[in-house]
Participant: 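Can you read through this structure? Questions will come right after.
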Amino acid sequence: MLQCTAVAVIPPPSVFAGDPSEPSYVSCALAEEHDEMHASFLDVIDGSAVWFVWRSLCGRFLLMPWCEAPAENGDACTLYRDHPAGHSWEVTDPTIDALCDELARQHPHLFPDRETNED
């Protein structure tokens, strides 16, 4: 499954304290073709995951528990509990894959397990 390509601009936490810091952006971590609500992991506070969730131009910060589904290799899903279809190990970010392919082509010694297509 490919990763959703939705992005959102969020204000930096310091904006609320009067600091004129620049806003940043987040990208949706869910698989494409999910429901209207997008989600991006931000941080961990006291063992809970902080997510920014948004729909259209409206967003909010939420503490949500981790998904408890284990992968066959023992890794845990890095999304929140009850997320829409596709656990984190099933979601592929095509941008990261393209970057890794190019880096592996230019520096094969850094990616010994990755096949490269030489031009």
Side-chain angles (χ1 to χ4, degrees):
M1 288 177 203
L2 292 178
Q3 185 173 342
C4 177
T5 58
V7 295
V9 176
I10 61 172
S14 59
V15 161
F16 303 111
D19 184 343
S21 299
E22 293 294 319
S24 60
Y25 77 94
V26 293
S27 58
C28 185
L30 303 173
E32 64 183 359
E33 297 186 24
H34 58 82
D35 60 10
E36 295 177 8
M37 190 65 72
H38 301 286
S40 183
F41 169 74
L42 297 177
D43 204 352
V44 174
I45 297 177
D46 296 329
S48 293
V50 179
W51 290 81
F52 182 73
V53 296
W54 74 97
R55 177 180 298 143
S56 189
L57 297 175
C58 185
R60 60 190 168 160
F61 298 91
L62 293 176
L63 286 175
M64 295 191 286
W66 295 107
C67 176
E68 297 173 346
E72 288 182 15
N73 67 0
D75 286 348
C77 179
T78 59
L79 299 174
Y80 55 89
R81 187 182 302 154
D82 300 325
H83 59 82
H87 293 292
S88 59
W89 61 82
E90 299 170 311
V91 178
T92 302
D93 181 343
T95 303
I96 296 296
D97 282 350
L99 289 170
C100 287
D101 286 347
E102 180 61 19
L103 288 170
R105 188 184 67 72
Q106 293 180 23
H107 308 283
H109 64 284
L110 297 175
F111 298 86
D113 297 333
R114 193 173 192 103
E115 288 185 28
T116 59
N117 295 325
E118 292 295 326
D119 292 334

Participant: Assess whether atom CG of Leu110 is packed by more than 12 heavy atoms of other residues, nucleotides or ligands within 6.0 Å.
Facilitator: yes
Participant: Any idea which heavy atoms bring Ala8 and Phe52 closest together, and the distance?
Facilitator: CB-CE2, 4.1 Å
Participant: Which atom pair, heavy atoms only, marks the closest approach of Ser88 to Leu79?
Facilitator: N-CD1, 3.9 Å
Participant: Can you tell if the side chain of Glu68 reaches within under 4.5 Å of the side chain of Arg81, non-hydrogen atoms only?
Facilitator: yes
Participant: For Thr95 and Asp93, work out which heavy atoms get closest and say how close.
Facilitator: N-OD1, 2.9 Å
Participant: Take atom CD of Gln106 as the centre, draw a 6.0 Å sphere, and report whether it contains more than 12 heavy atoms from other residues, nucleotides or ligands.
Facilitator: yes
Participant: How long is the gap from CD on Glu33 to CE on Met1, to the nearest 0.5 Å?
Facilitator: 9.5 Å
Participant: Would you indicate whether the side-chain heavy atoms of Leu30 and Val91 approach each other to under 4.5 Å?
Facilitator: no
Participant: With clusters defined by side-chain heavy atoms of hydrophobic residues (ILVMFWY) lying less than 4.5 Å apart, directly or transitively, does Val53 cluster with Val44?
Facilitator: yes
Participant: Report yes or no: do Met37 and Leu62 belong to one cluster of Ile/Leu/Val/Met/Phe/Trp/Tyr joined by side chain heavy-atom distances under 4.5 Å?
Facilitator: yes
Participant: Can a donor-acceptor pair be found, under 3.5 Å and without considering hydrogens, that links the side chain of Gln3 to the backbone of Cys28?
Facilitator: yes
Participant: Which heavy-atom pair separates Ala31 from Ala85 by the least distance, and what is that distance?
Facilitator: CB-O, 3.7 Å
Participant: Relative to the ring of Phe41, is the ring of Trp66 parallel (under 30°), tilted (30 to 60°) or perpendicular (over 60°)?
Facilitator: tilted
Participant: With a 4.5 Å heavy-atom cut-off, do Ser27 and Thr5 have their side chains touching?
Facilitator: no
Participant: I'd like to check the side chain to side chain donor-acceptor pair (under 3.5 Å) partners of Ser40; sequence neighbours left out, ordered by chain and number.
Facilitator: none
Participant: Heavy-atom distance under 4.5 Å between the side chains of Ile10 and Leu42, does that happen here?
Facilitator: yes
Participant: Trp54 vs Val26, test: side-chain contact (heavy atoms from CB on, under 4.5 Å). Steps then yes/no.
Facilitator: CA-CA 10 Å; Trp54 74 97; Val26 293; 3.7 Å; yes
Participant: Which heavy atom of Phe111 sits nearest to which heavy atom of Ala104, and what is that distance?
Facilitator: CD1-CA, 3.5 Å
Participant: Does atom CG of Asp46 have more than 12 heavy-atom neighbours, drawn from other residues, nucleotides or ligands, at distances under 6.0 Å?
Facilitator: no
Participant: Which value, rounded to the nearest 0.5 Å, describes the distance between Asp35 atom CG and Arg55 atom CZ?
Facilitator: 7.0 Å
Participant: Sort and list the pairs that fulfil ring-ring contact (aromatic ring centres under 6.0 Å, His included) and have at least one residue in residues 88-110, not counting sequence neighbours.
Facilitator: His87-Trp89
Participant: Does Ile45 share a hydrophobic cluster with Phe61, counting links as ILVMFWY side-chain heavy atoms below 4.5 Å and allowing steps through other members?
Facilitator: yes
